[in-house]
Amino acid sequence: MLAKFQSCLAVGAILLATTSFAVAEPKHGIAMHGEPQLPADYKHFQYVNPDAPKGGSMAYGVVGTFDSLNPFVLKSMRTTARGIWDPEFGNLVYESLLQRNYDEPFTMYGLLAEKVETDDERTWIEFTLNAGAKWSDGVPVTPEDVIFTYEILTEKGRPPYDGRMARIEKIEKTGERKVKFTFNEKSNREYPLIIGLTPVLPKHAIDPETFEQSTLEAPIGSGPYLVGEVKPGTSITYKRNPDYWGKNIPSKVGVDNYDEIKVEYFRDTTAQFEAFKKGVFDIYPETDPGKWENNYDFPAVSEGKIIKSTFTSDEPERMVGFFFNTRREIFKERPVREALSMLFDFEWVNKNLFNDRFTRTGSYWQNSKELSALGRPADDKEKELLAPFMDDVLPSVMDGTYAPTKTDGSGRDRKIMRDVVKKLSEAGYTIEGGKMMKDGKQLSFEVLIGSVAGASQSEIERMVLAYQRTAEAVGINVGIRAVDDAQFQKRRQTWDYDMVAGALSASLSPGAEQIWRWGSQSVEPEGTFNYSGGSSAGIDAMIDALVNAREREDFAAAVRAYDRLLISGHYVIPLYHLSEKRVAHRSRIKQPDYSPLYGYQLPTWWIEE
């Protein structure tokens, strides 16, 4: 009997040993692919100065306006004060369960949650909250806060927060400091990480009845700063919370180095730059290489009070361009969009407006050797993914020979114009009386312009004027509508345009955010980032493939296949990029010597008097 019992124990031990690899266990971080690079006992991120001094006052300058301190509702989506929930400045007021490490493609470590646990299939994820996590009023952060966040954002939040529950079967409190998410069949392997990045809101400090209203009432958050003075549309000041709970946890060491942060607002980039020259604010990221070379001859630079710093990174370049609104009948057909894209004379624009300082953008992951499809033939993995959708991929994009149209730089390249006329004729257009006509109507549309990331409104307007001249040469009527920032954001948010200037950031780990840029479900709801209204079964399939890929190789192939579909769709007239990031700043402002994978991070800088 004893021998039989011992034999059973032995068999059980063998089974336990052979299956233990699949048993979930709490960890200090989670990676999209593979394991976190940093060990459980890491002290800080690689790109910070752990000994950076604390103190001083930092002022940022931005273009636009604001009339709300609630960034999570549609009414104030585009007019919320910068910094409240703002990764660029460091999420000053609200925080998420996990903190992203910007020196890895997509890996997160503990913030409000000190531990994270999930199964191999990622059908669920459980967070253990940090015992010290507190709101700014001293109340502990609890699992009930996390559950409340999803309830209120589902009912009254803006995209994409209002749709987060669509992939969640249930959220439950599983311990005093534990909260568990169980996912349904709509989820994917990336979604647990998205949960980790979602802001957490205080249940005890929010009235659900008034949550969706735009407000200037200072919010209660768990972040390192408190809202100080608020001047609507003009400035907002943040003061360090002396009782901030997280200042010593590893993911926050070396950041949040200022005692005070002020964000100044300006009506346009001209006013913004003049204010910087006068010392109104401290840091000016420069996107215009011409200005960088010619406009920094004022006294503060020559006296060494302002430093011009340059940075490089491995991050793909953002897509800055003119987005066709395919919700409009005029832009429904791909050949029409392709012909209109060909009319943008980048060579003339670059030479005459920017002294040949820019490089043309052709991919949504430009400059990424791993993720960009530009100049690279599709491999077997991509071909397999794209097999059901080959009608949506141009042969030149598939074989890697595609490049954006290149002109002779004259502003009136006759060969290109003939090709445009031919392509439009195939779509049913003819030139009648010097006008490009179809069904008795001239081909006419309006371009809505405003400032976008990577280009000022004045730069955009000069480029549209050049485009307008070229289009008129083949009988196309292009109107220009320049509006103030508030109108621009409102009209872009509600799809009230024919063509619009826009920018989409790029990442080394694109994922669920792509649903709200190109997925079919993002076309109609207002407030998404699908500026073009572009969508297709192939695009949806590639997004699904990239968010569910287990291995980095499969993930990269899915992104390249996705890139090929977007390029082939001609949803955007791509503009340009700079491979180098340029920032002018006061000499007292210092930054770490090491720049991470995603480039310089403003929250890691400090003041040295």
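Note that these values count all heavy atoms, side chains included, but never hydrogens, waters or copies made by symmetry. Being a predicted model, the structure only gives us computed values, none of them experimental.
Cation-pi contact between Lys581 and Phe311: absent, since separation from the ring centre below 6.0 Å together with deviation from the ring axis within 45° is not met. Arg492 forms a cation-pi arrangement with Tyr531, by the criterion of a distance under 6.0 Å to the ring centre and an angle within 45° of the ring axis. No cation-pi contact links Arg517 to Tyr364, judged by a cut-off of 6.0 Å to the six-membered ring centre and 45° from its axis.
No hydrogens or angles considered: nothing links the side chains of Asp496 and Thr494 as a donor-acceptor pair under 3.5 Å. Using modelled atom types and a 3.5 Å distance limit, the side chains of Ser68 and Asn70 yield no donor-acceptor pair. Side-chain contact of Gln591 with Tyr600: a donor-acceptor pair under 3.5 Å is absent, judged by distance alone.
Listed here is the closest heavy atom pair of Ser532 and Arg327: C-NH1, 3.8 Å. Between Ser522 and Thr528, the closest heavy-atom pair is O-OG1, 2.9 Å. Among all heavy-atom pairs drawn from Leu386 and Arg564, the shortest one is CD1-CD, 4.1 Å. The two atoms that bring Gly409 and Asp345 nearest to each other are CA-OD1, 4.0 Å, heavy atoms only. The heavy-atom pair separating Ile416 from Lys406 by the smallest distance is CD1-O, 4.1 Å. Listed here is the closest heavy atom pair of Ala512 and Ile194: CB-CG1, 4.0 Å.
Of the charged side-chain nitrogens involved, at least one lies within less than 4.0 Å of a carboxylate oxygen, so that Arg82 and Glu88 count as a salt-bridged pair. Ion pairing of Asp419 with Lys423 is absent here, as no side-chain N (NZ or NE/NH1/NH2) approaches a carboxylate O to less than 4.0 Å. One finds no salt bridge joining Arg357 and Glu459 here, because no Lys/Arg side-chain nitrogen approaches an Asp/Glu carboxylate oxygen to under 4.0 Å. A salt bridge links Glu274 with Lys277: the distance from a Lys NZ or Arg NE/NH1/NH2 to an Asp or Glu carboxylate oxygen falls below 4.0 Å. Salt bridge status for Asp554 with Lys381: present, with a side-chain N to carboxylate O gap under 4.0 Å.
Using a 30° and 60° split on the angle between ring planes, Phe72 and Tyr94 fall in the perpendicular class, above 60°. Ring-plane geometry between Phe346 and Phe344 is classed as tilted, the angle between the planes lying from 30 to 60 degrees on a 0 to 90 degree scale. By the 30° and 60° cut-offs, the orientation of the rings of Tyr576 relative to Phe354 is perpendicular.
When atom types are taken as modelled, the side chain of His33 and the backbone of Ala549 share a donor-acceptor pair closer than 3.5 angstrom. A distance-only check finds a donor-acceptor pair linking the side chain of Lys308 to the backbone of Trp292 [under 3.5 Å]. Judged purely by atom type and a 3.5 angstrom limit, Arg337 has no side-chain atom pairing as donor or acceptor with the backbone of Val572. Side chain of Arg328 to backbone of Tyr497: a donor-acceptor contact under 3.5 angstrom is found. Proximity of a side-chain donor or acceptor of Lys438 to a complementary backbone N or O of Thr430 within less than 3.5 Å is not detected. Glu526 contributes no side-chain N or O that, together with a main-chain N or O of Gln493, makes up a donor-acceptor pair within less than 3.5 Å. With hydrogens and angles disregarded, no donor-acceptor distance shorter than 3.5 Å links the side chain of Asp314 to the backbone of Leu597. Side-chain atoms of Asp563 never come within 3.5 Å of backbone atoms of Arg560 as a donor-acceptor pair (strictly under, hydrogens ignored). Between the side chain of Arg462 and the main chain of Val349, no donor-acceptor pair closer than 3.5 Å is present. Looking only at distances, no side-chain donor or acceptor of Gln601 sits under 3.5 Å from a matching main-chain atom of Pro603.
Going from atom CG of Asn355 over to atom CG of Asn294 covers 7.0 Å, rounded to the nearest 0.5 Å. The line from CE of Met32 to CZ of Phe555 is 6.5 Å long, rounded to the nearest 0.5 Å. Rounded to the nearest 0.5 angstrom, Asp379 CG and Glu382 CD are separated by 4.0 Å. The distance from atom OG of Ser535 to atom CD of Glu524, rounded to the nearest 0.5 Å, is 9.0 Å. Atom OG of Ser568 is separated from atom CD of Glu338 by 9.0 Å, given to the nearest 0.5 angstrom. Between the CE atom of Met499 and the CD1 atom of Ile573 there is a distance of 4.0 Å, given to the nearest 0.5 Å.
Looking at heavy atoms from C-beta onward, Arg412 lies out of side-chain contact with Trp348 at the 4.5 angstrom threshold. No side-chain heavy atom of Met542 sits less than 4.5 Å from a side-chain heavy atom of Gln514. Contact check for Phe106 versus Ser507: no side-chain heavy atoms found under the 4.5 Å cut-off. Using a 4.5 Å heavy-atom cutoff, the side chains of Leu394 and His570 are in contact. Using a 4.5 Å heavy-atom cutoff, the side chains of Leu343 and Ile476 are in contact. At a threshold of 4.5 Å between non-hydrogen side-chain atoms, the residues Ile330 and Leu443 count as touching. Contact of the Pro105 side chain with the Arg552 side chain is registered, since non-hydrogen atoms from C-beta on lie closer than 4.5 Å. Put simply, the side chain of Lys351 does not reach to within 4.5 Å of the side chain of Glu347, judged on heavy atoms.
In the displayed structure, Glu426 atom CD is contacted under 6.0 Å by more than 12 heavy atoms of other residues, nucleotides or ligands. By the neighbour-count criterion of 12 heavy atoms within 6.0 Å, atom CZ of Arg334 is densely surrounded, having more than that number from other residues, nucleotides or ligands. By the neighbour-count criterion of 12 heavy atoms within 6.0 Å, atom CZ of Arg267 is sparsely surrounded, having that number or fewer from other residues, nucleotides or ligands. Lys332 NZ: more than 12 foreign heavy atoms inside a 6.0 Å radius. The 12-atom threshold is not exceeded at CD of Glu384, counting heavy atoms of other residues, nucleotides or ligands nearer than 6.0 Å.
Checked against the 6.0 Å centroid threshold, Phe331 and Phe323 do not count as a close aromatic pair. Less than 6.0 angstrom separates the ring centroid of Trp518 from the ring centroid of Tyr571. Centroid-to-centroid, the aromatic rings of Phe322 and Phe445 stay 6.0 Å apart or farther. In summary, the aromatic rings of Tyr60 and Phe281 are positioned with their centroids too far apart to meet the 6.0 Å limit.
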inquiry  = Go through it in stages, so that I can follow the logic: the residues are Ser520 and Asp540, the test is side chain to side chain donor-acceptor pair (under 3.5 Å), and I'd like the CA-CA distance, side-chain angles, deciding distance and then a yes or no.
reply    = CA-CA 7 Å; Ser520 297; Asp540 288 342; 2.5 Å; yes

inquiry  = Applying side-chain contact (heavy atoms from CB on, under 4.5 Å) to Leu575 and Ile460, what does each step give before you reach the verdict?
reply    = CA-CA 10 Å; Leu575 299 181; Ile460 294 290; 4.2 Å; yes

query = Can you check side-chain contact (heavy atoms from CB on, under 4.5 Å) on Val583 and Tyr284, steps first, answer last?
reply = CA-CA 6 Å; Val583 182; Tyr284 191 88; over 6 Å; no

request  = Could you please spell out the steps behind the side-chain contact (heavy atoms from CB on, under 4.5 Å) verdict for Ile539 and Tyr562?
outcome  = CA-CA 6 Å; Ile539 287 175; Tyr562 180 44; 3.8 Å; yes

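For the side chain to side chain donor-acceptor pair (under 3.5 Å) test with Thr361, the passing option among Gln366, His577, Arg318 is His577; the others fail.
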